[in-house]
Amino acid sequence: MNALLTHHGIDLRGIPVDASAPVMVTGATGYLGSWVAAGLLQAGATVHAPVRDPHDQRKTGHLLRAAEATPGTLRLFTADLLEPGSYDEATAGCTTIIHTASPFIRSVSDPQRDLVDPALEGTRNVLGSAKRCDSVRRVVLTSSIAAMYGDAADLSRAPGHLITEEGWNTSSSLTHEPYSYSKTLAEKEAWRIAGHQERWDLVTIHPSLILGPALGPAPASDSFTIMEMLLDGTMRSGAPRIGLAVVDVREVAQAHLAAAFLPQAHGRYIVSAQDTDSLGLADMLRPRYGGRLPLPRRAVPRPIIMALAPRLGLTRDYVRRNVGYPLRADASRSRELGLRYRPVQESLESMVEQMLKRR
Ligand code: NAP
């Protein structure tokens with residue numbers, strides 16, 4: 001069995017996982033979804049995993065191996081976020097749905113097609129199946145802190161400059177930060193749909209930037225693209241001071257399971273371990289990797305970032321509204337889910353170690 005699962009996996013203590021009915025996990029092939037599915041399998045649950053191609057062993061092999069090595073049972077189904085009704089079969093018999101599937105890719109050619117449609121139509125589709133299925137009692141949706149604020153500059157109006165569970169993103173759009181826009185639209189739609197029925201309740205989880213090792217071989221998640229930019233020399237001459245809040249993927253998975261099974265869980269939960277920025281991440285990696293990786297050592301002044309923005313995959317508007325602003329996420333409510341965060345340095349080192357081995 002994957003040593004990550006046995007020795008460095010999810011802390012399930014205090015989470016009353018109900019293994020008497022199957023749990024549907026969307027996005028189980030993904031970075032976060034794999035850990036959620038593996039945690040359920042570890043707890044002996046039956047996981048219904050609707051995926052785009054159940055025969056693609058590159059994407060499902062690690063899940064099948066996790067199922068073999070744990071007391072749980074895995075059942076794969078075929079479904080697509082954009083195909084209405086395609087989650088009905090996997091939903092049948094489930095009391096709990098954990099909807100993680102949604103693209104986390106910042107660089108796309110068509111934001112409507114590549115981000116908003118799968119996020120929004122996918123949420124309508126998955127929650128539509130929940131509405132049609134009599135057994136469902138709880139739906140957990142992976143939202144993001146990106147649904148709670150648009151640009152760091154917006155937070156200068158927030159009390160204490162903090163991202164909180166009360167906040168909504170009002171400044172992202174199809175042309176400015178479309179990923180954040182897709183998460184905001186999807187979460188609003190989820191609350192609207194949940195409000196029109198009474199059988200199941202909705203809990204939303206709002207991770208900051210997720211770090212830590214992957215269970216699968218090659219997640220498409222931008223968590224890895226962002227980390228690669230720190231490691232591959234793109235920022236060799238300096239890093240932009242872009243505020244980041246970060247959290248380990250295993251704690252995010254734990255939050256989903258707690259939200260799924262703690263009866264008292266309700267509303268929105270920010271899940272975040274530490275506020276930092278790209279230079280702060282480099283500083284945490286320097287003791288172990290400074291000698292062999294071209295990590296940034298200094299902050300690049302804003303006018304230079306402005307000039308370099310396209311090369312860093314950033315728009316000038318983004319730079320104007322985000323570089324030089326601190327970012328602070330208030331994750332205190334997540335303690336109610338029993339979360340204790342491991343040091344970010346540990347998450348970073350295990351992620352980077354794995355990425356270097358896979359190069
Ligand atoms: P990921 O590894 O790319 O996972 C995305 C998952 O969504 C994959 O399983 C993918 O399936 C599935 N998916 C995408 N398009 C689909 C479609 N049309 N039909 C069916 N499935 C589809 O990304 P991740 O980082 O784990 O993200 C998971 C969730 O966490 C997302 O909701 C994301 O917004 C949220 N989130 C992530 C972060 C972060 O820092 N990573 C932070 C906050 C919130 P395939 O394997 O078939 O592509």
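Atoms within each ligand, like the ligands themselves, are counted from 1 in listed order.
Electrostatic pairing of Arg268 and Glu187 counts as a salt bridge here, judged by a charged N lying under 4.0 Å from a carboxylate O. The pair Glu177-Arg106 meets the salt-bridge criterion, with a side-chain N (NZ, NE, NH1 or NH2) lying under 4.0 Å from an Asp/Glu carboxylate O. Taking the charged nitrogens against the carboxylate oxygens, Arg124 and Glu121 do have a contact shorter than 4.0 Å, which makes a salt bridge.
Within 4.0 Å of ligand 1, counting heavy atoms only, the contacting residues are Gly27, Thr29, Gly30, Tyr31, Leu32, Arg52, Lys59, Asp80, Leu81, Tyr87, Thr100, Ala101, Ser102, Phe104, Thr142, Ser143, Ser144, Tyr179, Lys183, Pro207, Ser208, Leu209, Ile210, Pro219, Ala220, Ser221, Ser223.
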Would you mind writing out the side-chain donor-acceptor pairs for residues 293-306 within the sub-3.5 Å range, not counting sequence neighbours?
residue, atom, partner, partner atom, Å
Arg298, NH1, Ser237, O, 3.2
Arg302, NH1, Arg320, O, 3.0
Arg302, NH1, Val323, O, 3.1

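Taking the six-membered ring where the residue is Trp, Phe224 and Tyr31 present perpendicular rings, their angle passing 60° and hence far from 30°.
His48 and Phe77 have their aromatic ring centers within a separation under 6.0 angstrom.
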